[in-house]
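Quick notes on the structure that follows.
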Amino acid sequence: MATNDNNKFQAVIAHAKEYGFVFPSSEIYDGLSAVYDYGPWGSELKKNIRDYWWKSMTQLHENIVGIDAAIFMHPTTWKASGHVDNFSDPMIDNKDSKKRYRVDHLIEAHAETLSGEAAAALLASMDRLLSVDDFAGLKKLIEDNKIKCAISGTGNWTDIRQFNLMFKTEFGAVASENEGDNMVYLRPETAQGIFVNFLNVQKTARMKIPFGIAQTGKAFRNEIVARQFIFRMREFEQMEMQFFVRPGTEGEWYKYWKQARLQWHLSLGMPAEKYRYHDHVKLAHYAKEACDIEFEFPIGFKEVEGIHSRSDYDLSQHQLYSKKKLQYYDNDIDEATGKPYGNYVPYVVETSIGLDRMFLSVLSHAYEEETIPREDGSSDSRTVLRIPAKIAPVKLAILPLTKKDGLPEIARDIMRSCQDEFYCFYEEKDTIGKRYRRMDAIGTPLCITVDHQTKEDNTVTIRYRDTMTQERLPIDKVVALVKEKIR
RNA sequence: GCGGAAAUAGCUCAGUUGGCAGAGCAUCAGUUUCCCAAACUGAAGGCCGCGGGUUCGAAUCCCGUUUUCCGCUCCA
């Protein structure tokens, strides 16, 4: 990675904070690691990206509907999904080799080198300690048996720690004697809220396969290492769509959505050369095919969105754990047999995009420090956010050239006629040039200026962010022109 | 989690034999100018990240801690 790009990333972060896009969480208390708040313009931009995605999924697809599931879910959900079992193992690090081991794997590997009787005794001790989460006892067991790291050959271990990516909290106001009883998780992904509602949605919205369920919402992961600004946060927002298909057709739908999702990014005006696919070679246990859509951030190509062919894994698991059928009766005629396809558990193709990552991709692509030659030969600089107009936080700034001569009154009238249509910003302080540059810095695509000529012929100057050019326009054409530019 | 670096006004930073906390820009009030950030006057803004220690005295030296960035590690 070039140093320039690294500097650019720093600049984007600094700009995001200075101009009210993203702040560190609870900053007056020194912040909270890997948690961020969205400021005035950041929350507008984030909302605009979310709305654009939501509309493209639901309003523009007759066979996709939305839901808004709760963050809290029945704890068994996460047993069924595999999140509880796969991500709560106690781990230990060797300080010399920096290698991290699962404690049970480490001890089991050592047991294999022992005689049958000694091995059995060791494993019995391990199981007893594991069952009561006695980490100090487990570490003592490792030390007493002089278990060494295979790489460094030393017994220089850290304390044993439990890594669990899921946040837990207490459910209900009364503490239970048995600690686990009232425990719920904050969802580590939004997908399960869709799967458990599969039949509710299918029946009430009378959906026929193939169909999709879309959802946006917060998810929480207690990442071991969460860094790189809003790229990896402990609390983040996903935009997900689970598409339910007849088994056997998942391959073609996977291809369809892989292509369609990249097209969505490009439709925002993001440049094609900054995107690429990354096909997964190593697949998760449930996946048939999977790929990421990667975007070239200043820190390199990174995942923005994932497209996964998840088979019937999730619905089947919920069937198993809930003992409720999650099947669909398909009335379409199977040409091979001449009969309906009948009952089956649908297969799922998932598209899952990180809203915060999308936000970061838009912001880092939009950010530009320009050098502008001046007439006298010197040069000037401006910082501009070339945010696509349709998702820009502020669409139009309305600026009276001076504070006198009735110009603010005319500008206020225009403001009133526009602010119901799109987000407008009114300002009369400072010179017109400064106000233009401030609007550039938050990515406002259009500014209009009310000047003395306005009083004579009812025209205003409209100035474009990207080209810095301007032209005259009758006041009564302003709304229509802006609406056209932000489509 | 390990290793490295950093933290002083909203921003960018200056501030060493340890001795009164500073500049530019930005902000706010007013004046002036007015079509691309650069005029004038005034004001506000700081437990020098936080907590200890050394010292007559600490932004400065020492220890700890938090946060951020970089490399490694992890990432269903």
Side-chain angles (χ1 to χ4, degrees), chain A residues 1 3 6-7 9-11 13-15 17-20 23-36 78 81-88 91-100 156 158-159 161 163-166 188-189 191-192 219 221-229 231-232 280 282-287 290 292 299 302-303 306 308 310 313-314 352 370 372 374-375 378 380-384 399-405 407 428-441 447-453 460-465 467-472:
Chain A
M1 185 199 323
T3 312
N6 200 6
N7 289 343
F9 194 53
Q10 303 304 325
I13 293 169
H15 190 86
K17 190 189 165 207
E18 187 171 358
Y19 287 90
F23 309 126
S25 163
S26 8
E27 195 187 9
I28 61 169
Y29 294 108
D30 281 339
L32 186 61
S33 180
V35 184
Y36 290 89
W78 307 111
S81 69
H83 286 83
V84 172
D85 291 336
N86 293 341
F87 299 96
S88 58
M91 310 285 274
I92 191 165
D93 291 7
N94 184 273
K95 288 179 183 171
D96 298 315
S97 66
K98 315 293 185 201
K99 174 81 179 159
R100 176 169 297 151
N156 188 12
T158 64
D159 285 339
R161 291 166 304 232
F163 290 91
N164 191 333
L165 256 40
M166 286 196 288
E189 63 174 27
Q192 301 305 327
R221 295 183 195 179
N222 214 345
E223 301 281 357
I224 298 166
V225 177
R227 270 202 309 223
Q228 292 171 316
F229 194 43
F231 186 81
R232 178 165 291 132
H280 289 201
K282 210 176 75 182
L283 295 172
H285 52 290
Y286 54 76
D292 298 335
I299 49 175
K302 301 272 186 187
E303 176 188 355
H308 300 241
R310 292 177 75 125
Y313 176 80
D314 300 278
S352 174
E370 272 190 345
I372 304 159
R374 267 196 288 238
E375 285 180 10
S378 65
D380 192 11
S381 69
R382 75 162 179 161
T383 301
V384 56
L399 315 169
L401 189 61
T402 74
K403 281 185 253 189
K404 302 181 301 188
D405 306 330
L407 301 186
E428 58 190 42
K429 189 178 162 45
D430 288 322
T431 63
I432 192 68
K434 278 192 180 186
R435 283 177 275 167
Y436 284 153
R437 296 303 176 86
R438 276 202 287 264
M439 288 297 106
D440 289 340
C447 298
I448 59 170
T449 301
V450 175
D451 55 23
H452 294 95
Q453 194 184 329
V460 292
T461 304
I462 184 155
R463 179 263 192 190
Y464 296 94
R465 174 195 70 195
T467 57
M468 297 175 73
T469 54
Q470 42 194 28
E471 56 198 43
R472 288 208 76 86

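These values consider heavy atoms only, across backbone and side chains, with no hydrogens, waters or symmetry-generated copies. Chain naming here is simple, since letters A, B, ... match the order of the sequence lines and numbering starts at 1 in each.
Looking at heavy atoms from C-beta onward, A/Gln192 lies in side-chain contact with A/Trp78 at the 4.5 angstrom threshold. Residues A/Asn222 and A/Met166 have side chains not in contact (no heavy-atom distance under 4.5 Å, counting atoms from C-beta outward). By the 4.5 Å heavy-atom criterion applied to side chains, A/Gln470 and A/Thr449 are not counted as neighbours.
The nearest pair of heavy atoms linking A/Gly306 to A/Asp292 is CA-OD1, 4.0 Å.
The existence of a salt bridge linking A/Glu27 and A/Lys17 is confirmed by a sub-4.0 Å separation between a basic side-chain nitrogen and an acidic carboxylate oxygen.
Using a 4.0 Å heavy-atom criterion, one finds that A/Ala34 contacts the sugar-phosphate atoms exclusively. If you check every strand for non-hydrogen atoms under 4.0 Å, A/Ser33 touches sugar and phosphate atoms only. Counting non-hydrogen atoms under 4.0 angstrom, A/Gln228 reaches the backbone sugars and phosphates but no base.
Here the side chain of A/Ile299 is nearest to one of B/rC70, B/rC36, B/rC34, namely B/rC70. With B/rC75, B/rA37, B/rC69 as the candidates, the nucleotide lying closest to the side chain of A/Tyr36 is B/rC69. Comparing B/rC11, B/rC34, B/rA37 by their nearest atom to the side chain of A/Lys17 picks out B/rC11.
B/rU54: no Watson-Crick or G-U partner with both key distances under 3.5 Å is found in any strand. Checking B/rA6 for Watson-Crick or G-U wobble geometry (two distances, each under 3.5 Å) identifies B/rU67 as its partner. In this structure, B/rG22 and B/rC13 make a Watson-Crick or G-U wobble pair, each of the two defining distances being under 3.5 angstrom. As the counterpart of B/rC36, no nucleotide is assigned, since no Watson-Crick or G-U wobble pattern has both distances under 3.5 Å. Pairing partner, B/rG42: B/rC28, with both Watson-Crick or wobble hydrogen-bond distances short of 3.5 Å.
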I'd like a table of atom pairs between the protein and nucleotides 24-29 of chain B - only N or O on both sides, under 3.5 Å - with the distance next to each one.
{"from": "B/rA26", "atom 1": "OP1", "to": "A/Lys434", "atom 2": "NZ", "distance (Å)": "3.4"}
{"from": "B/rU27", "atom 1": "OP1", "to": "A/Arg438", "atom 2": "NH1", "distance (Å)": "2.9"}

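Of the two residues near RNA chain B, A/Ile13 and A/Thr402, the one whose nearest nucleotide lies more 5' is A/Thr402.
Taking the side-chain contact (heavy atoms from CB on, under 4.5 Å) definition, one finds that A/Arg382 meets it with A/Glu370, A/Ile372, A/Val384, A/Arg386, A/Arg437, A/Asp440, A/Arg463, A/Met468, sequence neighbours left out.
A/Phe23 has its ring centre no less than 6.0 Å from the ring centre of A/Tyr36.
Checking the phosphate oxygens (OP1, OP2) of B/rA37, no side-chain nitrogen or oxygen of A/Thr431 falls inside 4.0 Å.
As a whole-Å value, the separation of A/Leu407 CG from B/rC34 P is 12 Å.
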